[in-house]
Each structure stands twice: as C-alpha cells, then as structure tokens.
K.L.:
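Pasting a structure here, questions to come.
Predicted, not measured: the structure shown is a model, and the values here were computed from it.
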Amino acid sequence: MPAVTEEQVEAVRALVAAIPPGRVCTYGDIADAADLSSPRIVGWIMRTDSSDLPWHRVITASGRPAPHLATRQLERLRAEGVLAVDGRVRLAEYRHRF
C-alpha cells in the first residue's frame, strides 16, 4: 500500500463524519470522494483512526459489514433506521452520495 498522507487521513475522516444518521457509504464511495487509489486505503485509515467517527456507516460494496464487526455494526445501523436483509444493507435505499 502506498504511503498515506495526513491530508488523506483528514479527508477520509471528514467524509465519514459527514455521513448522516440513517445512511451508509461504501469504502469505495469514500475512496472516490477522497481521490484515493483504493478502497483498501480507506479500510486502513478506518482501522487505525476512526474510533470517534460513525464508523458503522461505512460498509463493503456488497452492502455487508466487515465480518468481525457485523453484529455490532448492524445493531448500530438498525438503531438509526437502516435495515439489513440477510445481513446486507440495500445500498439503493440507504446509500449517501457526496
């Protein structure tokens, strides 16, 4: 993975913070909006610097949460009105666009 700059970290943090309750974005959505080369960079940033952000609003392109976070993430999303069917959020209904 290429070196991640402080500006990229701050861009990702700002984008995640801007996702309103009841909406979700994919890692790819965030990468595109931050002009990053890969959604994996967003994942790395989220793993290392997102505890104070609404991290639960960022999901995979398939509409599924990360497997190790699935229960907690789906509970938080459900509390905001985002419903999952068979563990998958319908992006057509809940996706936030920047």
K.L.:
Rounded at 0.5 Å granularity, tell me how far CG in Asp29 sits from CZ in Arg95.
P.N.:
4.0 Å

K.L.:
If we only count heavy atoms from C-beta on, is the Arg78 to Leu83 side-chain gap below 4.5 Å?
P.N.:
yes

K.L.:
Group every Ile, Leu, Val, Met, Phe, Trp and Tyr by side-chain heavy-atom contacts under 4.5 Å, then state whether Trp55 and Tyr94 land in the same group.
P.N.:
no

K.L.:
Should Ile59 and Leu91 count as side-chain neighbours, where that means a heavy-atom distance under 4.5 Å?
P.N.:
yes

K.L.:
Hey, are the side chains of Tyr27 and Ile41 touching, using non-hydrogen atoms and a 4.5 Å cut-off?
P.N.:
no

K.L.:
Using distance alone, with no hydrogens and no angle criterion, decide if Glu75 and His56 have a side-chain donor and acceptor under 3.5 Å apart.
P.N.:
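Judged by distance alone, the side chains do not pair up.
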
K.L.:
Is there side-chain contact between Arg57 and Glu80, with heavy atoms separated by less than 4.5 Å?
P.N.:
yes

K.L.:
With side chains defined as the heavy atoms from C-beta onward, is the minimum distance between Val58 and Thr26 less than 4.5 Å?
P.N.:
no

K.L.:
Which heavy-atom pair separates Val89 from Val24 by the least distance, and what is that distance?
P.N.:
CG1-CG2, 4.1 Å

K.L.:
For Arg47, is there any backbone N or O sitting under 3.5 Å from a side-chain donor or acceptor partner on Ser50?
P.N.:
no

K.L.:
Looking at side-chain heavy atoms only, is the closest gap between Thr60 and Pro65 below 4.5 Å?
P.N.:
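In short, these two side chains do not touch, never coming nearer than 4.5 Å.
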
K.L.:
Between CZ of Arg64 and CD of Gln73, what distance do you get to the nearest 0.5 Å?
P.N.:
12.5 Å

K.L.:
Look up atom CE in Met46 and atom CG in Leu69, then write down how far apart they are to the nearest 0.5 Å.
P.N.:
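Between Met46 CE and Leu69 CG, I get 9.5 Å after rounding to 0.5 Å.
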
K.L.:
Going hydrophobic residue to hydrophobic residue with side-chain gaps under 4.5 angstrom, can you get from Val4 over to Leu53?
P.N.:
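Yes; tracing contacts between hydrophobic side chains, which count when under 4.5 Å, links both residues.
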
K.L.:
Only distances under 3.5 Å count here; give the side-chain donor-acceptor pairs of residues 12-22 to other protein atoms, sequence neighbours excluded, each with its distance to 0.1 Å.
P.N.:
| unit_1 | atom_1 | unit_2 | atom_2 | d |
| --- | --- | --- | --- | --- |
| Arg13 | NH1 | Asp49 | O | 3.0 |
| Arg13 | NH1 | Asp49 | OD1 | 3.4 |
| Arg13 | NH1 | Asp52 | OD1 | 3.0 |
| Arg13 | NH2 | Asp52 | OD1 | 3.3 |
| Arg13 | NH2 | Asp52 | OD2 | 2.8 |

K.L.:
Show the numbers, then the answer: is there a side-chain contact (heavy atoms from CB on, under 4.5 Å) between Phe98 and Asp32?
P.N.:
CA-CA 10 Å; Phe98 293 105; Asp32 289 345; over 6 Å; no

K.L.:
Over all heavy atoms of both residues, which pair between Cys25 and Ile30 is shortest? Give the atoms and the distance, please.
P.N.:
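It is CB-CD1, 4.1 Å.
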
